[in-house]
Novice: 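Handing you this structure, nothing more for now.
In what follows, residues are counted from 1 in the order of the sequence shown.
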Amino acid sequence: QVQLVESGGGLVQPGGSLRLSCAASGFTLGHQDIGWFRQAPGKEREEVSCISSSDGSTYYADSVKGRFTISRDKALNTVYLQMNSLKPEDTAVYYCATDLVLRIGLASDCSRPRYWGQGTQVTVSS
């Protein structure tokens, strides 16, 4: 049974940093693409960043490029999202998700995950 458990959310001032963690079970990161999505109040859920199971290639939404970094620890079966230079518009519930569509290249895409975690709240405010 696939389970994803997020942690690391909280309240941070603009310009600050947070690191989110997602502990995965029921599958191994080396066999399934995984990523982070977020949903702000009153907005649709959107992709943030994804990482390939095969070679670790990464996808980032334009809004977070240069500020966020996705990584994984295969030994711990955990994926991370390091978020730097946070902005108020980054405020959202962040979800870890897997078994998704991931294409990296000219038509990059990270979407339609099948399994979701419960989410962790990130609030960026002074």
Novice: Looking at every non-hydrogen atom in both residues, tell me the closest pair between V124 and K87 and how far apart they are.
Specialist: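 Closest approach of V124 to K87: CB-O, 3.2 Å.
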Novice: Keeping the roles fixed (side chain from T98, backbone from D33), state whether a donor-acceptor pair exists under 3.5 Å.
Specialist: yes
Novice: Is a side-chain donor or acceptor of S49 paired with a backbone partner of Y59 at a separation under 3.5 angstrom?
Specialist: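 It does hold such a pair.
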Novice: Can a cation-pi geometry be assigned to R38 and Y95, taking NZ or CZ under 6.0 Å from the six-membered ring centre and within 45° of the ring axis?
Specialist: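 Pair R38/Y95 does not count as cation-pi.
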Novice: Given T78 and D73, is the side-chain hydrogen bond (donor to acceptor under 3.5 Å, both in side chains) satisfied, shown in steps?
Specialist: CA-CA 5 Å; T78 298; D73 186 325; over 6 Å; no
Novice: Mind listing the closest non-hydrogen atom pair of L29 and R72 along with its distance?
Specialist: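 Looks like O-NH1, 3.6 Å.
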Novice: Which residue pairs pass the side-chain hydrogen bond (donor to acceptor under 3.5 Å, both in side chains) test with at least one member in residues 3-13, sequence neighbours excluded?
Specialist: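 For residues 3-13, and leaving out neighbouring residues, the side-chain hydrogen bond (donor to acceptor under 3.5 Å, both in side chains) pairs sorted by first residue read E6-Q118.
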Novice: Quick one: salt bridge (charged side-chain N to carboxylate O under 4.0 Å, His left out) partners of R103, sequence neighbours excluded?
Specialist: D109
Novice: Flag the pair Y80 / L20 as yes when at least one side-chain heavy-atom distance between them is below 4.5 Å, and no otherwise.
Specialist: no
Novice: Indicate yes or no: at least one non-hydrogen side-chain atom of D90 is less than 4.5 angstrom from one of M83.
Specialist: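 When only atoms from C-beta onward are counted, M83 and D90 do not touch, as no gap falls below 4.5 Å.
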Novice: Checking the side chain of S17 only, and the main-chain atoms of N84 only, is there a donor and an acceptor separated by less than 3.5 Å?
Specialist: no
Novice: Looking at CG of L102 and CD of E47, how far apart are the two atoms once the value is rounded to the nearest 0.5 Å?
Specialist: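 Between atom CG of L102 and atom CD of E47 there are 11.0 Å.
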Novice: Apply side-chain hydrogen bond (donor to acceptor under 3.5 Å, both in side chains) to T58 and list each qualifying residue two or more places apart in sequence or on a separate chain.
Specialist: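 Counting only residues at least two positions away or on another chain, T58 forms no side-chain hydrogen bond (donor to acceptor under 3.5 Å, both in side chains).
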Novice: For the backbone of A40 and the side chain of R45, can you confirm whether one donor and one acceptor N or O come within less than 3.5 Å of each other?
Specialist: no
Novice: Is there side-chain contact between I34 and L100, with heavy atoms separated by less than 4.5 Å?
Specialist: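 Answer no - side chains too far apart.
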Novice: Does any non-hydrogen side-chain atom of Y94 lie less than 4.5 Å from one of L18?
Specialist: no
Novice: Just how far is it from atom CD of Q82 to atom CD1 of I70, taken to the nearest 0.5 Å?
Specialist: 12.0 Å
Novice: For a 4.5 angstrom cut-off between non-hydrogen side-chain atoms, does Y115 reach C96?
Specialist: no
Novice: What is the distance from atom NZ of K74 to atom OG of S53, rounded to the nearest 0.5 Å?
Specialist: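 K74 atom NZ to S53 atom OG measures 8.0 Å (nearest 0.5 Å).
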Novice: Atom CG of L81 and atom CH2 of W36: how far apart are they, to the nearest 0.5 Å?
Specialist: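 So the gap between those two atoms works out to 6.0 Å.
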Novice: Once salt bridge (charged side-chain N to carboxylate O under 4.0 Å, His left out) is applied, do any residues pair with D99, and if so which ones, sequence neighbours excluded?
Specialist: R114
Novice: Over all heavy atoms of both residues, which pair between S126 and P14 is shortest? Give the atoms and the distance, please.
Specialist: N-CD, 3.7 Å
Novice: Would you compute the distance between atom CD1 of I51 and atom SG of C110 and round it to the nearest 0.5 angstrom?
Specialist: 11.0 Å
Novice: Could you walk me through whether T28 and N77 satisfy the side chain to side chain contact (heavy atoms under 4.5 Å, CB included) test, starting with their C-alpha distance in whole Å, then the side-chain angles of each, then the deciding distance to 0.1 Å, before giving a yes or no?
Specialist: CA-CA 6 Å; T28 59; N77 219 40; 4.1 Å; yes
Novice: Which residues satisfy the side-chain hydrogen bond (donor to acceptor under 3.5 Å, both in side chains) test with K65, sequence neighbours excluded?
Specialist: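 So K65 forms a side-chain hydrogen bond (donor to acceptor under 3.5 Å, both in side chains) with D62.
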Novice: Any side-chain donor paired with an acceptor under 3.5 Å for S52 and S54?
Specialist: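 On atom types as modelled, these side chains qualify, holding a pair under 3.5 Å.
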Novice: Mind checking ring pair (Phe, Tyr, Trp, His ring centres under 6.0 Å) for F37 and listing every partner two or more places apart, or none if nothing turns up?
Specialist: W116
Novice: According to a hydrophobic-cluster definition based on side-chain heavy atoms being under 4.5 Å apart (Ile, Leu, Val, Met, Phe, Trp, Tyr only), do L4 and V93 belong together?
Specialist: no
Novice: Testing the basics here: between D55 and S57, what is the closest heavy-atom pair and its distance to 0.1 Å?
Specialist: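 Minimum heavy-atom contact is OD1-OG, 2.7 Å.
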Novice: Where is the tightest heavy-atom contact between Y60 and F68, given as atom of each residue plus distance?
Specialist: CE2-O, 3.2 Å
